[in-house]
Amino acid sequence: MNIENSEIEGDAAATAQTARSFSPDFARNGLERMEEFHQEMSDMREALLDIESLGGQNASKKSHKLIDAMEAFEPSITMIGQIKSGKTSLVNAMSGRPDLLPADVNPWTSVVTSLHLNTKVNDEGTIASFQFFDPSEWDHLVENGGRIGELSSRAGASDELEKVREQIAEMREKTKARLGRKFELLLGQTHNYRHLDDDLIQRYVCMGDDFEDEDAQDAQGQFADITKSADLYIDAPSLPHALCIRDTPGVNDTFMMREQITINALRGSRICVVVLSATQALSSMDMGLIRLISNVKSREVVIFVNRIDELANPKDEIEEIRTSILSTLANNNCPDDLEVVFGSAYWANMALQEQIDDLDPDSAAALQNYSGVGKSELSAEQVWDHSGLPTLFDKIGERIAEGEGTTMLNTIRKRAMNHLQGLKASSSIVSLRMSNQALKVVDPETLGKHLDALEDSFRATLEKQLDALIENYSKRIDQAHKRFISRALESLIQHLETKGENELWQYSPDGLRILLRSSYQSMRKSVAGTCDSVFGGVTDELTKTYLSLLSAEVDGFKVLP
């Protein structure tokens, strides 16, 4: 870890400009579901503090551990899409800081940039952290072309593999020429700053040009080629709780390693927003992304069709675009419940800055067409509502509250209940001792053997049942594969008989993809049910063990899985 002390002061004017937060009251529109979830968290915190008051020092530690775990909850949203779809402008609007990330550089984002909104900073006060590739990661990129290079190699796409290698080799040489001996020293380092300004962001995150002055310290993209990730910690007064928004490189970047970086970023998020341009919605690249992220059941997807301000007649064209998108999704076997939201990041940012009188004339005309209201009659709040941001926040809040947020709170509740049950049991024992009643003392060695026997028994049961499920799953996917090969072969023979061997034959793998997904989802449900059943059996036995050891009656005592 390295705090760049020489950069702590920075340019005061730039820092103040970047640090400004635009938080008018209407910026909370659409955040109702997030606020309800935040209230649930607050209620849970109060309950944990009540439990703490019932016990001693040990109870306090356990309660605060649960409170810390709850307050560390930071749901993340990954923004993906093609270059010039407006991802960065949308991220700026969502963070309430229209000028935070430069959106006028094409393309500007070369690394995954994580905006940690309302997240506690560390003790050192770091608000900007830039992590460089370590030597082993860099060597892997150079030798194998990274993950995309590996996939190209397995697929026999030697031309694609060589293209990736050439790109990385060229980038390495340019970076070494620019950084000189610093190149090897920087790999694996982290640069931390206590301030944030435009120059700092562009130096580490924006893709740079060829640098004539290798000693220039403030050149755009100076460190971008070796920067693995950027983390910025920002206050967002309109948001009720912490949120992480990840801006990613455009997936149709000519530099394919950027696509690898974006795909890796998806692994850390359960919510993904696919940003499309209203003027070019759902290309083959977009469809590939939607298939990729939709194959994981736990990942939630929202499609945001941006740039409706560039449509001549958005009021009518939006429904045509929506119909086209839904039809394309259905024809490509994508999930039929994907949410599609239309909006304009440009309108949102202008509304936040209350500069609607300065709207571009064409954009203003589109807004009047869409809203049915004259420009002079529109307020900043109305423009914000028409921008689609409140609807997008509502969809995100719904997914947080009903998905990972519910999972987190349920886990905290169960742990708190176990903690409370322990306090009740302790209270019963103290009461028995105070009344001079005899307490049964259990030999620790006997207890240990009993618990070991319970663990061995239930672990064996779980492994046996899981082995059977996986064996059945293997049979299902083998059968699906055989059926697919059989149908493909039948199609090929029919093609040869009717069109001959000189006509191109194609056979879509979508059928196999559907069968494999169905088999996996069935197995996944069975595994979850099996685990719940076995864990429930374990806690039932533990409850009986506790009660037999305590030799005391504790109303409602039960250990929860």
Side-chain angles (χ1 to χ4, degrees), residues 44-73 298 404 406-474 523-561:
M44 188 69 240
R45 187 178 188 277
E46 292 301 317
L48 288 170
L49 292 175
D50 289 341
I51 293 175
E52 175 186 344
S53 65
L54 297 175
Q57 185 176 2
N58 189 44
S60 177
K61 288 181 179 179
K62 289 183 178 180
S63 291
H64 276 282
K65 186 176 181 180
L66 293 177
I67 291 173
D68 290 342
M70 185 171 59
E71 292 182 344
F73 177 65
S298 63
E404 57 184 324
T406 293
T407 301
M408 181 274 297
L409 281 178
N410 284 343
T411 300
I412 296 293
R413 287 189 184 102
K414 289 179 179 179
R415 291 178 176 174
M417 185 58 70
N418 283 338
H419 180 33
L420 184 59
Q421 296 285 22
L423 291 177
K424 289 174 65 178
S426 299
S427 177
S428 296
I429 292 176
V430 170
S431 297
L432 286 174
R433 285 175 173 162
M434 292 180 66
S435 61
N436 294 322
Q437 294 188 37
L439 288 173
K440 181 171 65 176
V441 179
V442 178
D443 175 31
E445 184 177 350
T446 302
L447 174 60
K449 290 179 179 179
H450 175 70
L451 294 177
D452 288 341
L454 283 180
E455 179 181 355
D456 291 343
S457 174
F458 280 102
R459 183 183 294 276
T461 299
L462 181 61
E463 290 178 350
K464 181 180 179 180
Q465 294 184 18
L466 291 181
D467 286 344
L469 289 174
I470 292 173
E471 182 180 358
N472 182 58
Y473 169 65
S474 298
M523 186 267 290
R524 180 181 177 277
K525 290 179 181 178
S526 298
V527 167
T530 297
C531 290
D532 288 343
S533 175
V534 173
F535 295 162
V538 173
T539 53
D540 286 344
E541 288 299 319
L542 284 176
T543 299
K544 295 176 183 177
T545 300
Y546 272 109
L547 292 175
S548 65
L549 295 176
L550 295 175
S551 66
E553 292 294 331
V554 183
D555 292 337
F557 181 86
K558 181 174 175 58
V559 180
L560 300 176

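Model, not experiment: these values are computed from the prediction. These values consider heavy atoms only, across backbone and side chains, with no hydrogens, waters or symmetry-generated copies. Counting begins at 1 with the first residue of the sequence.
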Worksheet item: What distance do L466 atom CG and K464 atom NZ have between them, rounded to the nearest 0.5 Å?
Response: 12.5 Å
Worksheet item: Can you tell me how far CE of M70 sits from CZ of R413, rounded to the nearest 0.5 angstrom?
Response: 10.0 Å
Worksheet item: Are R415 and N418 linked by a side-chain donor-acceptor pair shorter than 3.5 Å?
Response: no
Worksheet, complete the sentence: Paired with V559, the side-chain contact (heavy atoms from CB on, under 4.5 Å) test is passed by just one of T539, D540, T545, namely T539
Worksheet item: In Å and rounded to the nearest 0.5 Å, what is the CG to CD distance from L451 to E541?
Response: 11.0 Å
Worksheet item: Distance-only, no hydrogens or angles: does the S457 side chain make a donor-acceptor pair with backbone N or O of A453 under 3.5 Å?
Response: no
Fill in: NZ/K449: more than 12 non-hydrogen atoms of other groups inside 6.0 Å
no
Item to complete: Give, for atom CD1 of I412 and atom NZ of K65, the distance between the pair rounded to the nearest 0.5 Å.
Response: 10.5 Å
Item to complete: Kindly say whether L49 contributes a backbone atom to a donor-acceptor pair with the side chain of S63 at under 3.5 angstrom?
Response: no
Worksheet, complete the sentence: One should read off an interatomic distance between F535 CZ and T530 OG1, to the nearest 0.5 angstrom, of 10.0 Å
Item to complete: List the steps and the verdict of side chain to side chain contact (heavy atoms under 4.5 Å, CB included) for V527 and M523.
Response: CA-CA 6 Å; V527 167; M523 186 267 290; 3.5 Å; yes
Discussion item. So for atom CE, which belongs to M417, do other residues, nucleotides or ligands contribute more than 12 heavy atoms lying within a distance under 6.0 Å?
Written reply: no
Worksheet item: By salt bridge (Lys or Arg N to Asp or Glu O under 4.0 Å), which residues pair with E471, not counting sequence neighbours?
Response: K475
Discussion item. Quick check: do C531 and L462 have side-chain heavy atoms less than 4.5 Å from each other?
Written reply: yes
Worksheet item: Can you tell me how far CG of L560 sits from OG1 of T411, rounded to the nearest 0.5 angstrom?
Response: 11.5 Å
Discussion item. Give me the atom names and distance for the closest heavy-atom approach of F458 to V538.
Written reply: CG-CG2, 3.4 Å
Worksheet item: What are the two closest heavy atoms between A416 and M44, and how far apart are they?
Response: CB-CE, 4.0 Å
